[in-house]
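Numbering of ligands and ligand atoms starts at 1, following listing order.
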Amino acid sequence: LKVPQLLCEISPHKKLYNIITPRYNNMIFIVGGAGYIGSHVNKLLSNEGYKTLILDNLSKGHEEFVKWGKFIKGDLKDKRLLARIFKEYDINAVMHFAALTDVRESIQDPGSYYKNNVKNTLNLLDAMRENVKKFIFSSTCAVYGNPLEIPITEDHPCNPISPYGRSKLMIENILEDYSRAYDFNYVSLRYFNAAGADPQTEIGEWHEPETHLIPIILDAAIGKRENVQIFGTDYPTPDGTCIRDYIHVMDLANAHYKALRLLEEDKSEIFNLGNGNGFSVKEIIETCKEITGEKIHTIESKKRPGDPPILIGSSKKAKRILRWRPEFADIKDIIETAWEWHQKLNRETI
Ligand code: UDP
């Protein structure tokens with residue numbers, strides 16, 4: 001028997017699944033697919049044989065990151081564009097990454113956050129709900145606010161302490177109502193701290209301006225900035241700095257693939273995605289020093305508003321139901337891939 005070549009191709013994620021399933025008529029619509037997490041999901045799904053359609057307004061994303069699938073430059077506020085897309089393309093599922101994500105900015109300018117993250121998402125949901133019955137939402141651990149218990153499980157109360165976290169929780173509430181009334185299924189993925197990059201360094205983390213801890217430290221390591229500010233040193237943690245749960249972006253991408261499979265079984269769920277280990281800001285700086293071999297100067301600064309002292313997630317539910325396992329569970333592996341990418345990005349853009 002001659003097996004078609006595509007079906008015997010070995011996936012780079014061969015530990016988890018060996019067979020590529022082509023789905024040429026059922027496109028996956030990746031909104032915000034030119035951004036950090038969306039572009040990694042696009043790469044993984046494309047490698048798995050899915051056909052992808054990317055919508056991005058490029059306000060934060062990079063066209064260079066859309067290396068797979070078909071790209072449309074456009075904005076979720078454009079309802080006519082959305083109607084046209086759902087009419088013209090045979091879309092099987094929607095994944096929604098397009099959002100503003102900076103906690104501090106959301107406190108200074110909540111209007112932009114509610115417009116982008118809530119109003120525009122409603123446009124997307126209203127445009128899709130007649131035709132498409134599967135939705136994957138990028139949510140966040142910021143929906144929990146200050147945790148009462150660590151590690152945080154999905155049934156922990158949600159009391160967000162920033163407009164960013166509130167905007168994401170609003171959509172989760174809307175999804176619950178919409179899915180019940182309009183007969184569609186969704187998976188909401190509450191990411192802890194996304195970090196690292198594609199191990200083949202085709203894509204990675206690239207924000208302008210950069211606000212995230214690991215790329216800021218790596219900027220200091222390559223000499224692009226003089227120092228790293230440590231936001232708060234008197235938090236109730238062993239070394240006084242905030243503790244976060246860093247999760248590799250390819251592991252996040254893999255969870256989206258698994259969530260898609262779950263939606264095919266007609267189920268809706270909410271999952272945390274983290275490693276279940278916490279690292280303080282100072283520990284991350286030390287690990288970056290070790291990996292880069294560079295000196296990193298630090299300055300102790302005041303707390304950043306909206307930062308809970310500790311965020312560590314339990315991903316037991318995702319492991320049980322999605323059969324998801326992080327492959328880059330070691331913080332050193334996460335930072336090594338970030339460092340490889342960071343050096344490449346700066347060779348090409350400086
Ligand atoms: N942080 C810091 N200096 C920086 C950037 C971040 O001390 O220049 C701290 C921040 O206060 C938080 C942690 O690093 O406790 C992770 O911040 P990041 O912005 O990377 O992610 P967030 O937790 O806000 O999603």
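Of all the atoms in ligand 1, the ones that sit under 4.0 Å from a non-hydrogen atom of Cys242 are 15 (O). Listed by atom number, the atoms of ligand 1 under 4.0 Å from Asp307 heavy atoms are 10 (C), 11 (O), 12 (C), 15 (O). Residue Thr211 has at least one heavy-atom neighbour below 4.0 Å for each of these atoms of ligand 1: 5 (C), 19 (O). Every atom of ligand 1 with a heavy atom of Ile216 under 4.0 Å away is listed here by number and element: 8 (O). Contact atoms of ligand 1 toward Asn193: 16 (C), 21 (O), 22 (P), 23 (O), 25 (O) (distance under 4.0 Å to a heavy atom of the residue). Near Gln229, meaning under 4.0 Å from one of its heavy atoms, ligand 1 places the atoms 2 (C), 3 (N), 4 (C), 7 (O), 8 (O). Below 4.0 Å from some heavy atom of Ile230 lie the following atoms of ligand 1, by number and element: 7 (O).
Residue contacts with ligand 1, taken as heavy atom pairs separated by less than 4.0 Å, do not involve Leu311 at all. Contact annotation: for Arg304 versus ligand 1, heavy atoms closer than 4.0 Å belong to the side chain alone. Residue contacts with ligand 1 for Phe279 are absent, since no atom lies close enough (heavy atoms, distance under 4.0 Å).
Checked for salt-bridge contact, Asp234 and Lys303 meet the test: a charged N lies under 4.0 Å from a carboxylate O.
Residues Lys168 and Ser162 form no side-chain contact, since every pair of their non-hydrogen atoms from C-beta on lies 4.5 Å or further apart. In this structure, the side chains of Leu45 and Leu260 come closer than 4.5 Å at one or more pairs of heavy atoms.
Scanning Ile217, Thr298, Leu213 for the heavy atom closest to atom 20 (O) of ligand 1 points to Leu213. Here atom 4 (C) of ligand 1 lies nearest to Phe231 when heavy atoms of Phe231, Tyr246, Tyr191 are compared.
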Show me, pair by pair, the donor-acceptor contacts under 3.5 angstrom made by side chains of residues 295-302, not counting sequence neighbours?
from	atom 1	to	atom 2	distance (Å)
Ser301	OG	Gln229	OE1	2.8

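Using modelled atom types, one finds no donor on one side chain facing an acceptor on the other under 3.5 Å when comparing Tyr113 with Asp102. Side-chain contact, Ser46 with Asn42: a donor N or O sits under 3.5 Å from an acceptor N or O. In this structure, a donor-acceptor pair under 3.5 Å is present between the side chains of Lys134 and Asn92.
Both Ile321 and Ile247 are part of a single hydrophobic cluster, where members link through side-chain heavy atoms under 4.5 Å apart.
Ranking protein heavy atoms by distance to atom 9 (C) of ligand 1, first place goes to Val281 CG2, 3.8 Å.
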